[in-house]
Amino acid sequence: MINGEFLMTFEYAPAPESRASVSIKSKYGHYIGGKFVAGEKHFRTINPATEEVLSSIALGGKKEVDAAVKAAKKALDMNWSKLSGRERGKYLFRIARILQERAREFAVLESLDNGKPIRESRDVDVPLAAAHFFYHAGWADKLEFAGVGTNAKAHGVVGQIIPWNFPLLMLAWKVAPALATGNTVVLKPAETTPLTALLFAEVCEQAGLPAGVVNILTGDGSTGALIVNHPGINKIAFTGSTEVGKIIAQSVAGTNKSVTLELGGKAANIVFEDAAIDESVEGIVNGIFFNQGHVCCAGSRLVIQESISDEFIKKLQKRMEKIRIGDPLDKNTDLGAINSRAQLEKIKDLSLAGDAEGAERWSPKCALPDKGFWFAPTIFTGVTQTHRIAREEIFGPVLSVLTFRTPQEGIDKANNTPFGLSAGIWSEKGSKVLWASQKLKAGVIWSNTFNRFDPTSPFGGYKESGWGREGGRHGLTAYLKGVAHE
Ligand code: ADP
């Protein structure tokens with residue numbers, strides 16, 4: 001040890017997770033009414049780390065959407081609405097346990113289709129998905145104690161459209177509360193990541209879930225739009241871009257469909273001069289580089305007090321030099337592949353806008369694989385509030401750094417965004433954390449940590465980040481009508 005620093009570094013030998021637990025069919029149909037039904041048109045899903053074609057996926061059209069909604073309505077009327085909460089809960093408990101039993105298979109499949117590191121799919125996505133089913137299984141027979149009043153009832157058939165950044169986890173956030181409250185489901189996974197949703201169909205079979213309670217339709221935005229506009233759908237739950245969220249809000253205006261939207265973000269991670277620096281550096285890294293920054297609540301703006309900024313950025317750069325990029329199935333990998341070519345182009349375009357508008361770009365030296373979609377972890381310093389990289393969601397491993405002098409200026413900069421999904425506060429002073437958290441306009445605020453998720457805690461946004469909450473007792477109300485206001 002010299003000057004308090006360890007000089008020894010370790011080279012990590014590759015530690016790839018085996019693909020043996022996963023079997024991928026060459027072609028998939030839709031899961032409708034408890035059966036896989038062949039599709040007419042197809043598209044391909046690929047491994048974004050290698051561009052290897054994984055499978056051919058059915059593209060749902062009007063006929064399939066009609067059939068899925070019909071199956072969900074039949075299951076609701078003939079079966080699901082007649083079951084007690086306790087019976088519904090048993091199915092949810094079974095699903096949760098099967099997800100745990102098949103955890104490795106789900107984690108490997110998720111990393112193959114999405115490009116995220118196995119360390120994250122194994123330790124975050126899959127356990128949290130199971131936890132959402134366990135949590136909501138517990139609510140199914142206790143809804144009368146959830147403070148929702150005595151007239152609360154299921155909406156009926158729920159259309160659910162999810163994105164590609166946490167495919168299985170977003171499915172769990174949607175399906176678990178819908179079933180716990182007595183709804184039946186038509187769910188569409190994103191076009192680049194359909195495989196774990198299709199494997200989930202097998203879990204429904206294994207759990208003995210009555211046919212038609214969960215229907216999985218694959219397809220693209222056109223399939224999503226058909227679900228949104230179908231007259232047999234009583235409620236829409238959407239997670240995705242603010243752009244598509246606005247289209248959905250317009251489509252359901254004037255209908256009696258209920259809607260919840262979980263949209264984009266541009267979260268500020270505010271670091272005050274009295275923060276614990278090393279812990280904050282770790283938190284900032286986790287906030288923006290977790291899941292390649294493909295996180296709607298990612299801490300994509302570092303808003304840092306000027307007095308510590310230079311020292312902090314140096315430490316951050318040093319830490320970023322240690323980020324290991326590469327094979328998502330390698331257990332040592334920290335940063336995996338960008339999910340698609342289209343997303344990579346978007347990240348590149350916005351980063352070029354950062355250069356053009358005068359911000360200063362820095363990335364550690366790192367070798368990126370030749371095949372697949374990759375982007376080095378990047379920070380921009382000297383960012384001002386008018387820069388596009390300070391205002392628009394990049395949805396990639398790119399951090400924009402802004403500075404402030406007084407705490408109030410920090411809050412003003414953090415709130416100067418059309419979004420309001422999440423924020424982070426880094427300070428050793430409890431009174432400052434409480435002061436800042438009251439002033440920040442964001443649905444979720446973490447202090448001295450970031451990107452912590454728990455099924456018991458409501459998640460959702462202000463302003464253009466969306467409508468409604470998911471998770472916790474609040475999230476249940478999104479799936480019930482006639483809820484008493486507290
Ligand atoms: P992202 O920008 O994260 O790719 P999108 O909002 O484009 O997010 O996609 C999220 C989900 O919404 C995907 O499942 C996609 O197929 C679906 N989708 C895209 N366009 C529409 C639309 N017009 N109506 C309904 N769903 C859509």
Side-chain angles (χ1 to χ4, degrees), residues 30 39 41-46 48 57-62 64-65 68-69 113-116 158-175 185-198 200 215-230 233 235-253 255 257 259-266 291-298 300 337-350 373 392-397 419 421 461 464-467 470:
H30 306 282
K41 290 187 191 160
H42 291 84
F43 60 97
R44 295 186 310 183
T45 187
I46 64 169
I57 305 295
L59 178 80
K62 188 171 179 319
E64 290 86 2
V65 174
V69 175
D113 206 17
N114 170 282
K116 65 174 69 201
V158 179
Q160 306 187 313
I161 297 164
I162 56 172
W164 45 261
N165 56 343
F166 294 94
L168 180 71
L169 184 58
M170 289 300 106
L171 174 150
W173 279 31
K174 298 275 180 285
V175 174
V185 164
V186 175
L187 176 126
K188 190 193 86 64
E191 47 272 48
T192 56
T193 53
L195 293 181
T196 47
L198 291 164
F200 182 78
N215 303 276
I216 312 274
L217 271 183
T218 46
D220 60 10
S222 66
T223 317
L226 285 167
I227 295 173
V228 169
N229 293 308
H230 197 287
I233 296 277
K235 179 211 159 63
I236 295 291
F238 171 78
T239 297
S241 61
T242 294
E243 201 186 344
V244 174
K246 285 181 182 173
I247 297 173
I248 292 177
Q250 283 166 2
S251 313
V252 300
T255 71
K257 286 175 194 162
V259 62
T260 41
L261 303 171
E262 203 267 86
L263 309 177
K266 192 75 192 174
N291 203 32
Q292 294 70 247
H294 299 329
V295 184
C296 46
C297 57
S300 52
I338 300 302
N339 179 250
S340 65
R341 188 182 296 282
Q343 187 56 29
L344 179 61
E345 291 309 320
K346 198 178 147 199
I347 297 167
K348 283 184 177 165
D349 280 356
L350 272 164
F373 316 128
E392 295 177 34
E393 188 176 40
I394 301 175
F395 224 65
F419 299 106
L421 194 54
E464 292 199 11
S465 289
W467 295 342
E470 294 185 284

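Just so you know, ligand 1 is whichever comes first in the structure, and atom 1 is the first atom listed for that ligand. Because only heavy atoms are used, hydrogens play no part in the values below, and waters and symmetry mates are left out as well, while side chains stay in.
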Closest protein heavy atom to [atom], given as residue, atom name and distance to 0.1 Å:
{"atom": "atom 16 (O) of ligand 1", "value": "Glu191 OE1, 2.7 Å"}
{"atom": "atom 21 (C) of ligand 1", "value": "Val244 CG1, 3.4 Å"}
{"atom": "atom 1 (P) of ligand 1", "value": "Trp164 NE1, 3.7 Å"}
{"atom": "atom 18 (N) of ligand 1", "value": "Gly221 CA, 3.6 Å"}
{"atom": "atom 17 (C) of ligand 1", "value": "Ile161 CG2, 3.6 Å"}

| field | Region of Ile227 that comes within reach of ligand 1 [heavy atoms, distance under 4.0 Å] | value | neither
| task | Pick one of side chain, backbone, both or neither for how Phe238 approaches ligand 1, counting any non-hydrogen atom pair under 4.0 Å. | result | side chain
| message | Hydrogens and angles aside, do Thr196 and Asp113 bring a side-chain donor and acceptor to less than 3.5 Å of each other? | response | no
| message | Side chains of Lys174 and Thr239 only: does a donor on one sit below 3.5 Å from an acceptor on the other? | response | yes
| query | Does any pair with a residue in residues 243-253 pass salt bridge (charged side-chain N to carboxylate O under 4.0 Å, His left out), and if so which ones, sequence neighbours excluded? | reply | Lys246-Glu464
| remark: Per-atom filter on ligand 1: closer than 4.0 angstrom to a heavy atom of Ala190 are 14 (O)
| request: For Ile162, take its heavy atoms, then give the atoms of ligand 1 lying under 4.0 Å from any of them. | output: 11 (C), 13 (C), 14 (O)
| Option nearest atom 26 (N) of ligand 1 (shortest heavy-atom distance, choices Pro189, Cys296, Ser241, Gly224) | Gly224
| For the student: nearest non-hydrogen atoms of Ser251 and Asn229, plus distance | CB-OD1, 3.4 Å
| Can you name the closest pair of heavy atoms from Phe419 and Lys266 and give their distance? | CD1-CB, 3.7 Å
| request: Could you tell me whether some N/O pair between Ile248 and ligand 1 is separated by less than 3.5 angstrom? | output: no
| message | Quick one, Leu187 with Phe200, criterion side chain to side chain contact (heavy atoms under 4.5 Å, CB included). Give me CA distance, side-chain angles, the key distance, then yes/no. | response | CA-CA 11 Å; Leu187 176 126; Phe200 182 78; over 6 Å; no
| message | Could you check, using the six-membered ring where one of them is a Trp, whether Phe395 and Trp164 have ring centers closer than 6.0 angstrom? | response | yes
| field | Test ring-ring contact (aromatic ring centres under 6.0 Å, His included) applied to His30 - qualifying residues, sequence neighbours left out | value | none
